[in-house]
Amino acid sequence: MNALLAALVGLLFAAGTWLLLGQRILRQVIGLGLISHGANLMVLLAGGLGGRHAPLLANPTPRADPLPQALILTAIVIGFGITAFLLALGYRMHALEEDEP
Amino acid sequence: MDFLLLGVPLVPALAAPCAAACRRAAWLVALGGCGLVLVTLLLAAPPTVAGLSASAEVPWFPSLGVSYRLRADPLGTLFGLLVAGVGVLIVLYARSYLEHEPRQPAFFAYLLLFTGAMLGLVLADDLSTLYVFWEATSLASFFLIGFHDDRWDARQAAVRALVVTVVGGLAMLAGFVLLGLEAGTFRLSEMDPHRVQASPRYPWVLALVLAGAFTKSAQLPVHFWLPGAMVAPTPVSAYLHSATMVKAGVFLLVRLLPVLGGTELWRGWVLPVGMATFLFGAVVAVLQDDLKALLAYGTVSALGLATALAGTGTELGRDAAVLYLLNHAAYKGTLFLVAGAVEHETGTRNIPQLRGLARAMPVTTALAGASVFSLVALPGSGGFVAKDLAAKALGHGLEGWLWAGAVANAAFGTRFLQVFLGRGDVTARHEPAGLWAPALPLAVLCVLFGAWPPLPEAVVGWLGADHNVWPKFGLGKVAPAAAAVVGGVGAAWLVEQVPGRRRVRGWGGDHAFDALQRTLLRFAALLTHFTLTGRLRDYLVVVLGVAAVGAGLPLLSHGRWPEVGPISLEAAFVGMAACGVAATVLSRSLVSAVVALGAVGYSVVFLFMALRAPDVALTQMLVETVTLVLFLAVVTRLLTPDVPDRHPLAAVDLLAAVAVGAVAAALAFQATVGPPSQRLAEFFAEHARQAGGSNLVNLVLVDFRGLDTLGEITVLGVAALGVLALARRPR
């Protein structure tokens, strides 16, 4: 299972890099989105998949490690902020290009 | 008292900013700085004569054994007195010479900086201290050569001098480090010559140190920077480029003679370079038409002889070199000051135009006569005493060459004196005392060195030698000297008749230097053009490629390969995500790419759920939805024309992408090898009650790492403001 997930991480990184190296900003933003999915999964993998239950106190052990999950949560939200900002930036660039004669 | 020594180089250096700040009295500050140092050194000299060398130090890098350490031994004190004494005279002279120069304060500030650096150089007893002051003199020289910085030739000459001396200085630094390691100490006075010379690295040490000494003292083939430095104001030429700084190279040879010298290698490398420079400089000097260029090549020649004398590696050679350098400082200093006075009063330095200045400038003429007297080494002059000792030191094999050099010296001395004789068109206005009085003490020294035996004897005796300095004035010595002068006068007359001599004036390595400089600049431009393309994609390829290689190489040797285990339910979600990725990359339309990205996001949501991370899955689902909406909102508004999406070198992109992906997969897999640490998870579980909750992930976010989340909220807020500002249509 670990190997399968690791392969998915690799796929996400490869596809994200490929899009990032292209020349259109929206594709680049999409590439960045793929890479952040890959990074999140990598953090989760690093925390280990030994937990049988979600990290709630009510659940019996072994529980999943809460720290990677918290880190990923933060990363998702920050990633969303970046995506939104880049989209707005792309939009404005396009608008400026349109205004040019 | 010993501690005062440490201040000797610092006093002029600290006076420099004061001089720069003074509008009118800068020269007084400079005079005070040099004078104070001169008096201190004079007070320090008597115990040195008695054999008590004062020394003092302040630790600098104690762990490396490096310190700011000075030592007033006879050699250092002698050169210190020379630097400070000539400095005083030069300040007085420069005051008159640069009377109408608006940047006079800056000039005196640079001069003071140089004086301080030079004093530190001659007194240094630690290799690092010596090196720092050595480079400081090069820097001061750079500013002084380029003092007229509105002129291209001045700037270029300054750059040439700086590059040549600093490159040599860097080689010397490497040599010093090697020397310090081999000797086991950086203290010059504590080095053991047997240990150093027995080392297999001795040839390297010697070659590197010699590179520094030869560049500083303008030996062949890098002599060209010195004649070029003549664009500097004449007081600078007299001070730095004849009396003191250029002597630093020979000084270093003399300083290191007890440690590195006395070997066949030393003699074989130093002596030939010195003799070749001596003869080359003298012959080229005769061909010059410019007063200062003539003197500059004469200085190259004199430095060559002094290098050759140090190259003998004997004590006699050392004493001859020091005596000759002192004499040279006296007569060449005077000659430069005379040349400056001539240029100041007539407006030209061109020898063929200048004739018959004796009438308008009688005192200057007398000074020139006294110094040329010493230059051509007639009996009774300091030059004769020094050359006599030089002949003894060089031995029989080289006397013929020495005599040939003497003829050339006499020839350019004659050409210099010519400007005062006969009748000419250019007339001097008058002869201000400020332009001859400072040269007077030096001219007196020229004669005194040859007429008053105690003086040269005292100098050599101070250095600790006991051999007889004073020559016997037999016919066997006087006749060759006189013959050399007669030959020199004849040669000077001959040169005047040669029409093609002007062509030789540009002869030197400066053209080669300039060509090298241009090539280097062109190479830099090419490199910049190649590496700084201004395209994001190119930088990304480099950054990601380096990251992939850097992280991938260790994995190749230390990584573990996965074993195929039983496939579980999550595999379905992985497959879904993979399909989504493929669709994202391959879809032609932007809208379908965005939708495919959403599919990838939702697959990841399922994965998170399967991997027992419900909070993450929930958040991811919300964010994925909003992101999809945002994307679609933007994409549907943009109807971009279909620009070519790929760089022509798409294969490189593909390679980079595959490499990054492979390394990421490998890294992710390596992270799962071995049991993860549970310490933090246990800590959170234990303290959950205190934090007041039961969802551990939530507790981490809002309690254990609450401030982190606060920062995150701030970032999101700022991003939202940015989006708002950007999303408005421009007016």
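As a basis for the values below, the full set of heavy atoms in this structure was taken, side chains included, without hydrogen atoms, waters or symmetry mates. The model shown is predicted, which means the values in this text are computed figures rather than measured ones.
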Under 4.5 Å to a heavy atom of chain A? For B:Val715 that would be side chain
In A:Thr74, A:Leu67, A:Leu73, A:Leu71, the residue satisfying side chain to side chain contact (heavy atoms under 4.5 Å, CB included) with B:Val700 is A:Leu67
Turns out that what part of B:Ala548 lies under 4.5 Å from chain A's heavy atoms comes down to neither
Residues passing the side chain to side chain contact (heavy atoms under 4.5 Å, CB included) test with B:Val634, sequence neighbours excluded, are A:Leu26, A:Leu87, A:Tyr91, B:Leu638
Expected contact set for residues 597-607 of chain B against chain A at heavy-atom separation under 4.5 Å reads B:Leu597, B:Val600, B:Gly601, B:Val604, B:Leu607
Quick note, side-chain hydrogen bond (donor to acceptor under 3.5 Å, both in side chains) partners involving residues 707-726 of chain B, not counting sequence neighbours, are B:Arg705-B:Asp708
When the 4.5 angstrom heavy-atom criterion is applied to B:Glu624 and chain A, the contacting part is side chain
The interface call for A:Leu44 against chain B, heavy-atom contacts under 4.5 Å, is side chain
Looking only at A:Pro55, A:Gly81, A:Gly48, most heavy-atom pairs under 4.5 Å shared with chain B are made by A:Pro55
When the 4.5 angstrom heavy-atom criterion is applied to A:Leu56 and chain B, the contacting part is both
If one checks every heavy atom of A:Ala64 against chain B at 4.5 Å, the contacting part turns out to be side chain
Okay, A:Val29 and chain B: the region with an atom under 4.5 Å from a heavy atom over there is both
Hits for ring-ring contact (aromatic ring centres under 6.0 Å, His included) against B:Phe631, two or more places apart or cross-chain, chain-then-number order -> none
